[in-house]
Amino acid sequence: GRQGGDTSEIDHGRVHPTPSALSPSLRDPGLAQTIQSLLLSRLGLQSQPDPRPGVPVPRYLVDLYHFHQQQYHLVEDPSFNFPSQHIQEANTIRSFHHNDFIFFKLSFFKKTTIVHISFNISSIPQDESVLSAELRLRRSDEAALGPGPHRLNLYLTEHHEDPEPTLLETRLLTNGLRSYKTSGFWEAFSLSAELLHKAHAGTGSLGFLLEVRPENNTTSLPEQTLSSAHLRVCRSVGQDDHSWAQERPLLVTYSHDGRGQALVKHGRRNPGGINWSERGRVKR
Amino acid sequence: NGGRSAKLKRLSRNRCRRHPLYVDFNDVGWEKWIIAPSGYDAFFCLGECRFPLADHMNSSSHAMVQTLVNSVNGAVPRACCVPTSLSPIALLYLDSQDRVVLKNYQDMVVEGCGCR
């Protein structure tokens, strides 16, 4: 921090600056490594991530990034919704793909078939507080929903044999929302912070049961239609990693690590000034 | 290199101000885990804090006193040209479990420089 000039006489024998401290050689790789480690820990990372090549990135996170950067022309999904009700105070958004799923029969639903999916959220750092989350399920265009409206029931479950899962939300699936030409539509279910805190403090795993049934009839759809007609919860035979990563269920958490500003600057509830409703559409 | 350090010397003789600095994540080997952006404008502060410190130098009172003393006693260093306001950037990256994270990182861009 010196702007030139010899300062030795003012030290009066107090702290003599060591010559090396005056002009550290920044070419020293060890020093560069130390600086980098300090910066990474400042970024909340223990070490520099070393991802395997070609990790597929969910479109939703990329669109969220471009939208945040006000690069609206780069947002690809025309049905993209800016999750303003989730992102209020968060400065970190994490995405999780589901571990696996199990088709099974349960007496609880009168011998119907439902799907169990679970997410491992143990990688969320302890010093990060989850403020909100959403479960995103992709509906498929391949098959019509069949005659009449259908209902999607979402249950929270400790494990897939849980006899009494908790109904979190029930939602009528209609065809009307699919008027625009896209290859599908995401159903987003808001999840409370408490639910995430409990799972994170416990097993670190969050499990859901999904059931789709015709609205005017008590029997659930037979197994083979549940997977293809409604929700993309299982990979098609021969489907590649990238396209599957764009369709599979996605858990998104919104949290704050106690360091720094939220992603949406206060007073800018409406980043970019786009005139859209709370769950508005991105104008192309 | 010689040319560059001569240029930085010339720059530092000028008054304290913000200078452009683009950080390319490819240069520091971070492109493997940072999905976006590929780099960003970080800027840096460089320049002299000479007497008298003009108002726009965004100086603290202590810096003015230190600069005053420096003008009568060269053994006391001048105030330093440092960032006085910083802003965050959002990074989209892969964490060590290959999960995608979008995070706001604090104090990554120099918005203003001043004498302190």
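Residue numbers start from 1 in every chain, and the chains themselves are labelled A, B, ... in the order their sequence lines are given, proteins ahead of strands. These numbers come from the heavy atoms of this one structure, side chains and all, not from hydrogens, waters or symmetry mates.
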Quiz item: Between NE2 of A:His97 and CG of B:Asp98, what distance do you get to the nearest 0.5 Å?
Solution: 11.5 Å

Self-check item: Interface moiety of B:Ile35 toward chain A, non-hydrogen atoms closer than 4.5 Å
Solution: side chain

Quiz item: Quick one: what part of A:Ile124 sits under 4.5 Å from any heavy atom of chain B, side chain, backbone, both or neither?
Solution: neither

Quiz prompt | Residues, nucleotides or ligands: over 12 heavy atoms within 6.0 Å of A:His197 NE2 | solution = yes

Quiz prompt | Spatial distance of atom CH2 (B:Trp30) from atom CG (A:Leu39) [nearest 0.5 Å] | solution = 4.0 Å

Quiz item: Taking atom CG of A:Leu45 and atom CH2 of B:Trp33, what is their separation to the nearest 0.5 Å?
Solution: 5.0 Å

Quiz item: To the nearest 0.5 Å, what is the distance between CZ (A:Arg259) and NZ (B:Lys103)?
Solution: 6.0 Å

Practice problem: Kindly say whether B:Pro37 contributes a backbone atom to a donor-acceptor pair with the side chain of A:Gln69 at under 3.5 angstrom? | Solution: no

Practice problem: Can you tell which part of A:Val252 gets under 4.5 Å to a heavy atom of chain B, answering side chain, backbone, both or neither? | Solution: neither

Quiz prompt | Contact summary for B:Val101 and A:Thr92, nearest pair of heavy atoms | solution = CG1-CG2, 3.8 Å

Quiz prompt | A:Ser123 to B:Asp95 - nearest heavy-atom pair and separation | solution = OG-OD2, 4.4 Å

Practice problem: Select one option (side chain, backbone, both, neither) describing which atoms of A:Gln71 are under 4.5 Å from chain B's heavy atoms. | Solution: neither

Practice problem: Give the minimum heavy-atom separation between A:Pro49 and B:Ser96, together with the two atoms involved. | Solution: CB-N, 4.0 Å

Quiz item: Which pair of heavy atoms, one from A:Asn120 and one from B:Arg99, lies closest together, and at what distance?
Solution: O-NH2, 3.5 Å

Quiz item: Looking at side-chain heavy atoms only, is the closest gap between B:Val100 and A:Tyr65 below 4.5 Å?
Solution: no

Quiz item: Quick one: of A:Pro53, A:Ser47, A:Pro51, A:Ala90, who has the most non-hydrogen atom pairs under 4.5 Å with chain B?
Solution: A:Pro51

Quiz prompt | Backbone of A:Asn91 reached by a side-chain donor or acceptor of B:Asn104 within 3.5 Å | solution = no

Practice problem: Report the distance from atom CG of B:Leu92 to atom CD1 of A:Ile93, rounding to the nearest 0.5 Å. | Solution: 9.5 Å

Quiz item: Which value, rounded to the nearest 0.5 Å, describes the distance between A:Arg52 atom CZ and B:Lys32 atom NZ?
Solution: 15.0 Å

Practice problem: Side chain from CB out, backbone as N, CA, C, O: work out which of these in A:Leu64 comes under 4.5 Å of a heavy atom of chain B, or both, or neither. | Solution: both

Practice problem: Output yes when a side-chain donor or acceptor of B:Gln106 lies under 3.5 Å from a complementary backbone atom of A:Gln261, and no otherwise. | Solution: yes

